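Step one of this worksheet: look at the structure below.
All values reported here derive from a predicted model rather than from experimental measurement.
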Amino acid sequence: MIRGLFHEPCLRVDSYLFGATLRITNSKRLETNTSHHISKDQTVKTARRFLLDPSLARIIMRECGVDQQVIEGYLSAQSGRNQFVRSEADQCYLVVPLLGPAGEPVDEPAPIPQTHGESLFELSVGQISYTRVCLPVRSPVSQKMLLDRVIYPDRCDILTVEFDDQQEAEAFSPAPWFGPEVTGEDTFERRYLALNGLPTLPEMLLSSLQVEAVLDLLDQAKEAPEATRQATAQEVVVALARSLENSGMVKGTSKTSAPAGEEPATEQLEQPMKRVAQ
């Protein structure tokens, strides 16, 4: 992991982020004021989380690829001090959890220099590394479906489904390929995994119906771009035909259509070609 990139024994960083003052010394003590709240105008998502069989997760990642590769380092193991540093795509963020309108914790990342992020990773007391992919969702209820493949400190696969409000979350029916639900279980939070490792996983029996359901999901994801591509190509052809008709280079179908059973005269076919050549 990133631990060990820097060897300086002492670091002091004063960072004013969201009204929070962060001071870190060689004693690894974290002091911060996080009594601020998110404004009510910001959208707060409600989420449900499920475990996923590793074989299904591997199939999904192989077909969909990886959207993000993330490393997080948590700066304190004390309850209520959840600040952490995140690294993804050569950018580091300091994340100070805030309180949403209903009192729920919401992560608000703030970009920090790469060197500061690496130094904070050096001071972190627990780290987690995972890859993430955003899955295609056709349900009108769920807004986003995220698959996290945790690689370190232990391996597990967690599926998160986000909703606009609690009512939508409660009305959501999990797909047959979802594993056991772990919504509200702290032992499957990223912070807990980083500090304590993976708890005992419940048994997940993989069936052919689950595999078929995942393959159907992936097939639907492939069909959507293809249908969009074909529709776009048809629109281009129609627009080009109209442009040629408006310019007088070819005649509209209503004027050039031959009676049923008759072939168009050779002169009719050659005339547009001559105009194009001119």
Side-chain angles (χ1 to χ4, degrees), residues 1-39 42-45 47 49 61 65-100 104-134 144 146-158 160 162 188-198:
M1 308 305 295
I2 294 182
R3 189 183 302 276
L5 289 175
F6 276 73
H7 301 285
E8 289 84 346
C10 179
L11 170 70
R12 180 182 179 88
V13 178
D14 289 340
S15 182
Y16 295 89
L17 302 170
F18 308 108
T21 303
L22 176 68
R23 292 184 177 87
I24 302 176
T25 64
N26 57 343
S27 64
K28 297 187 180 181
R29 181 183 178 189
L30 181 66
E31 299 176 350
T32 181
N33 176 14
T34 58
S35 60
H36 300 272
H37 296 252
I38 299 179
S39 65
Q42 291 183 253
T43 302
V44 179
K45 298 289 185 179
R49 295 200 310 276
M61 285 287 187
V66 174
D67 294 331
Q68 295 172 278
Q69 293 180 327
V70 185
I71 302 175
E72 295 176 351
Y74 289 80
L75 302 174
S76 176
Q78 298 183 28
S79 176
R81 295 186 175 181
N82 302 326
Q83 301 80 10
F84 63 93
V85 59
R86 173 185 293 160
S87 174
E88 58 176 293
D90 298 326
Q91 175 63 59
C92 287
Y93 303 86
L94 178 63
V95 184
V96 180
L98 305 179
L99 296 180
E104 70 281 5
V106 179
D107 293 343
E108 285 293 317
I112 59 176
Q114 185 76 14
T115 53
H116 292 181
E118 292 171 348
S119 298
L120 290 175
F121 270 110
E122 188 75 15
L123 298 176
S124 63
V125 296
Q127 297 180 2
I128 184 173
S129 174
Y130 59 94
T131 57
R132 168 173 289 181
V133 61
C134 183
K144 184 182 292 187
L146 303 172
L147 172 59
D148 292 338
R149 296 214 74 187
V150 179
I151 302 171
Y152 178 89
D154 296 294
R155 290 183 175 270
C156 71
D157 301 285
I158 301 176
T160 302
E162 294 183 349
F188 289 99
E189 295 282 354
R190 295 196 305 273
R191 180 177 185 272
Y192 182 95
L193 295 175
L195 298 175
N196 303 285
L198 186 68

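- The backbone N or O of Q114 sits nowhere less than 3.5 Å from a side-chain atom of Q91 that would complete a donor-acceptor pair.
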(request) Show your working on side chain to side chain contact (heavy atoms under 4.5 Å, CB included) between V66 and M61 and close with a plain yes or no. (result) CA-CA 6 Å; V66 174; M61 285 287 187; 4.0 Å; yes

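- Considering OG of S87 and CD of Q69, their distance stands at 10.0 Å, rounded to 0.5 Å.
- The CG atom of N196 lies 8.5 Å from the CZ atom of R191; values are rounded to the nearest 0.5 Å.
- Here L195 contributes atom CG and R190 contributes atom CZ; the two are 12.5 Å apart, rounded to the nearest 0.5 Å.
- To the nearest 0.5 angstrom, C92 atom SG is 10.5 Å from H116 atom NE2.
- Going from atom CG of N82 over to atom CD of E189 covers 9.5 Å, rounded to the nearest 0.5 Å.
- The minimum heavy-atom distance between D67 and C134, with the atom names listed, is OD2-N, 2.7 Å.
- Side-chain contact between I112 and V85: present, with at least one pair of heavy atoms (C-beta onward) separated by less than 4.5 Å.
- Summarising the geometry of S76 relative to Q78, their closest heavy-atom pair is OG-N, 3.1 Å, with the distance given to 0.1 Å.
- Looking at heavy atoms from C-beta onward, R86 lies in side-chain contact with V70 at the 4.5 angstrom threshold.
- Taking OG1 of T160 as the start and CZ of R49 as the end, the distance is 6.0 Å to the nearest 0.5 Å.
- The one candidate from E72, R149, Q68 that meets the side-chain hydrogen bond (donor to acceptor under 3.5 Å, both in side chains) condition with Y130 is E72.
- Of the options D107, V125, I128, L120, a side chain to side chain contact (heavy atoms under 4.5 Å, CB included) to F84 is made by D107 and by none of the others.
- The two residues Y74 and A194 have their closest heavy-atom pair at CD1-CB, 3.6 Å.
- Looking at every heavy atom in both residues, G65 comes nearest to V133 through O-CG2, 3.4 Å.
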